[in-house]
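Being a predicted model, the structure only gives us computed values, none of them experimental.
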Amino acid sequence: MGSSKVQRLSGMQKQVLSLFRGFLRAARSKSEEERRKIESIVSQEFRRNAQSVDRKNFLYIEYLLRRGNKQLEQLRNPGITGLSSLQLHFSKTDSNGHSSNKG
(Lines give C-alpha, C1' and ligand atoms only; values in the text may rest on other atoms or scores of the structure.)
Protein backbone atom coordinates (compact mmCIF):
# COMPACT_ATOMS: atom_id res chain seq x y z
CA MET A 1 0.00 0.00 0.00
CA GLY A 2 1.18 3.49 -0.85
CA SER A 3 1.26 6.37 1.51
CA SER A 4 -2.10 8.02 1.96
CA LYS A 5 -2.36 11.69 1.20
CA VAL A 6 -4.05 13.80 3.81
CA GLN A 7 -5.79 16.78 2.26
CA ARG A 8 -5.21 19.90 4.29
CA LEU A 9 -8.11 22.20 5.00
CA SER A 10 -8.13 25.70 3.57
CA GLY A 11 -8.53 28.68 5.87
CA MET A 12 -12.15 29.06 4.80
CA GLN A 13 -12.89 25.38 5.48
CA LYS A 14 -11.40 25.79 8.95
CA GLN A 15 -13.66 28.81 9.53
CA VAL A 16 -16.74 26.81 8.49
CA LEU A 17 -15.84 23.93 10.81
CA SER A 18 -15.12 26.36 13.65
CA LEU A 19 -18.53 27.99 13.14
CA PHE A 20 -20.25 24.59 13.13
CA ARG A 21 -18.49 23.57 16.36
CA GLY A 22 -19.36 26.95 17.87
CA PHE A 23 -23.06 26.35 17.24
CA LEU A 24 -22.83 22.91 18.84
CA ARG A 25 -21.03 24.34 21.88
CA ALA A 26 -23.59 27.14 22.23
CA ALA A 27 -26.38 24.57 22.02
CA ARG A 28 -25.02 22.86 25.15
CA SER A 29 -25.99 25.89 27.24
CA LYS A 30 -29.67 25.59 26.26
CA SER A 31 -32.36 23.19 27.52
CA GLU A 32 -32.17 19.59 26.32
CA GLU A 33 -35.15 20.05 24.00
CA GLU A 34 -33.76 23.26 22.48
CA ARG A 35 -30.32 21.69 22.23
CA ARG A 36 -31.69 18.88 20.05
CA LYS A 37 -33.59 21.38 17.89
CA ILE A 38 -30.52 23.59 17.47
CA GLU A 39 -28.28 20.65 16.59
CA SER A 40 -30.80 19.40 14.04
CA ILE A 41 -31.34 22.80 12.38
CA VAL A 42 -27.62 23.62 12.30
CA SER A 43 -26.73 20.22 10.87
CA GLN A 44 -29.43 20.48 8.18
CA GLU A 45 -28.41 24.02 7.22
CA PHE A 46 -24.70 23.23 6.99
CA ARG A 47 -25.40 20.05 5.01
CA ARG A 48 -27.76 21.91 2.64
CA ASN A 49 -25.20 24.64 2.02
CA ALA A 50 -22.41 22.08 1.51
CA GLN A 51 -24.46 20.49 -1.26
CA SER A 52 -25.94 23.59 -2.88
CA VAL A 53 -23.23 26.26 -2.68
CA ASP A 54 -20.43 26.24 -5.25
CA ARG A 55 -17.17 25.73 -3.35
CA LYS A 56 -15.46 28.33 -5.53
CA ASN A 57 -18.04 31.02 -4.73
CA PHE A 58 -15.86 32.61 -2.05
CA LEU A 59 -17.87 35.82 -1.76
CA TYR A 60 -21.08 33.96 -0.94
CA ILE A 61 -19.31 31.59 1.46
CA GLU A 62 -17.79 34.60 3.24
CA TYR A 63 -21.28 36.13 3.45
CA LEU A 64 -22.65 32.89 4.96
CA LEU A 65 -19.79 32.85 7.47
CA ARG A 66 -20.51 36.46 8.51
CA ARG A 67 -24.23 35.75 8.84
CA GLY A 68 -23.54 32.54 10.75
CA ASN A 69 -21.17 34.30 13.16
CA LYS A 70 -23.81 36.96 13.88
CA GLN A 71 -26.39 34.26 14.54
CA LEU A 72 -23.95 32.41 16.77
CA GLU A 73 -23.33 35.56 18.81
CA GLN A 74 -27.09 35.92 19.25
CA LEU A 75 -27.43 32.28 20.27
CA ARG A 76 -24.70 32.70 22.89
CA ASN A 77 -26.80 35.41 24.55
CA PRO A 78 -28.29 33.90 27.74
CA GLY A 79 -31.62 35.60 26.96
CA ILE A 80 -31.98 33.61 23.75
CA THR A 81 -33.54 30.23 24.49
CA GLY A 82 -33.11 28.68 21.06
CA LEU A 83 -32.96 29.18 17.33
CA SER A 84 -36.67 29.92 17.17
CA SER A 85 -35.85 33.19 18.95
CA LEU A 86 -33.36 34.21 16.27
CA GLN A 87 -34.16 35.98 13.04
CA LEU A 88 -33.20 33.26 10.56
CA HIS A 89 -33.81 33.94 6.90
CA PHE A 90 -32.84 30.95 4.82
CA SER A 91 -33.33 31.55 1.12
CA LYS A 92 -32.68 29.43 -1.93
CA THR A 93 -29.67 30.59 -3.91
CA ASP A 94 -28.30 29.80 -7.30
CA SER A 95 -24.70 28.71 -7.89
CA ASN A 96 -23.62 32.37 -7.98
CA GLY A 97 -25.06 33.07 -4.55
CA HIS A 98 -27.98 35.16 -5.80
CA SER A 99 -31.16 34.89 -3.80
CA SER A 100 -34.25 33.67 -5.60
CA ASN A 101 -36.43 35.58 -3.14
CA LYS A 102 -37.35 39.03 -4.42
CA GLY A 103 -38.75 40.33 -1.14
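Under the 4.5 Å side-chain criterion, counting only non-hydrogen atoms from C-beta, F46 is in contact with L19. Residues L59 and Y63 are not in side-chain contact: their nearest non-hydrogen atoms beyond the backbone lie 4.5 Å or more apart. The side-chain heavy atoms of I61 and Q15, taken from C-beta on, include no pair separated by under 4.5 Å. In this structure, the side chains of Q71 and R67 come closer than 4.5 Å at one or more pairs of heavy atoms.
Separation of atoms CD (Q74) and NZ (K70) is listed at 9.5 Å; rounding is to 0.5 Å. The CG atom of L72 sits 11.5 Å away from atom CG of L65, with the distance rounded to the nearest 0.5 Å.
The pair E39-R36 fails the salt-bridge criterion, with no side-chain N (NZ, NE, NH1 or NH2) lying under 4.0 Å from an Asp/Glu carboxylate O.
Grouping the Ile, Leu, Val, Met, Phe, Trp and Tyr side chains by contacts below 4.5 angstrom, directly or via other members, places L24 apart from L17. Placement of V16 and L9 in two distinct hydrophobic clusters is found when ILVMFWY residues are connected by side-chain heavy-atom separations under 4.5 Å, directly or transitively.
Remark: R47 CZ is loosely packed, at most 12 non-hydrogen atoms of other residues, nucleotides or ligands lying under 6.0 Å away.
Between N77 and K30, the shortest heavy-atom contact is O-NZ, 3.2 Å. The two residues G22 and R76 make their nearest non-hydrogen contact at CA-NH2, 4.2 Å.
Taking S29 as the reference, nothing meets the side-chain hydrogen bond (donor to acceptor under 3.5 Å, both in side chains) condition, with sequence neighbours excluded. Under the side chain to side chain contact (heavy atoms under 4.5 Å, CB included) criterion, S31 pairs with E33, E34, sequence neighbours left out.
Aromatic rings from F23 and F20 are positioned such that their centres are separated by 6.0 Å or more.
Under a 3.5 Å cut-off, the side chain of Q51 and the backbone N or O of R48 do not form any donor-acceptor pair.
One side chain, Q44 or S40, offers a donor N or O that lies under 3.5 Å from an acceptor on the other.
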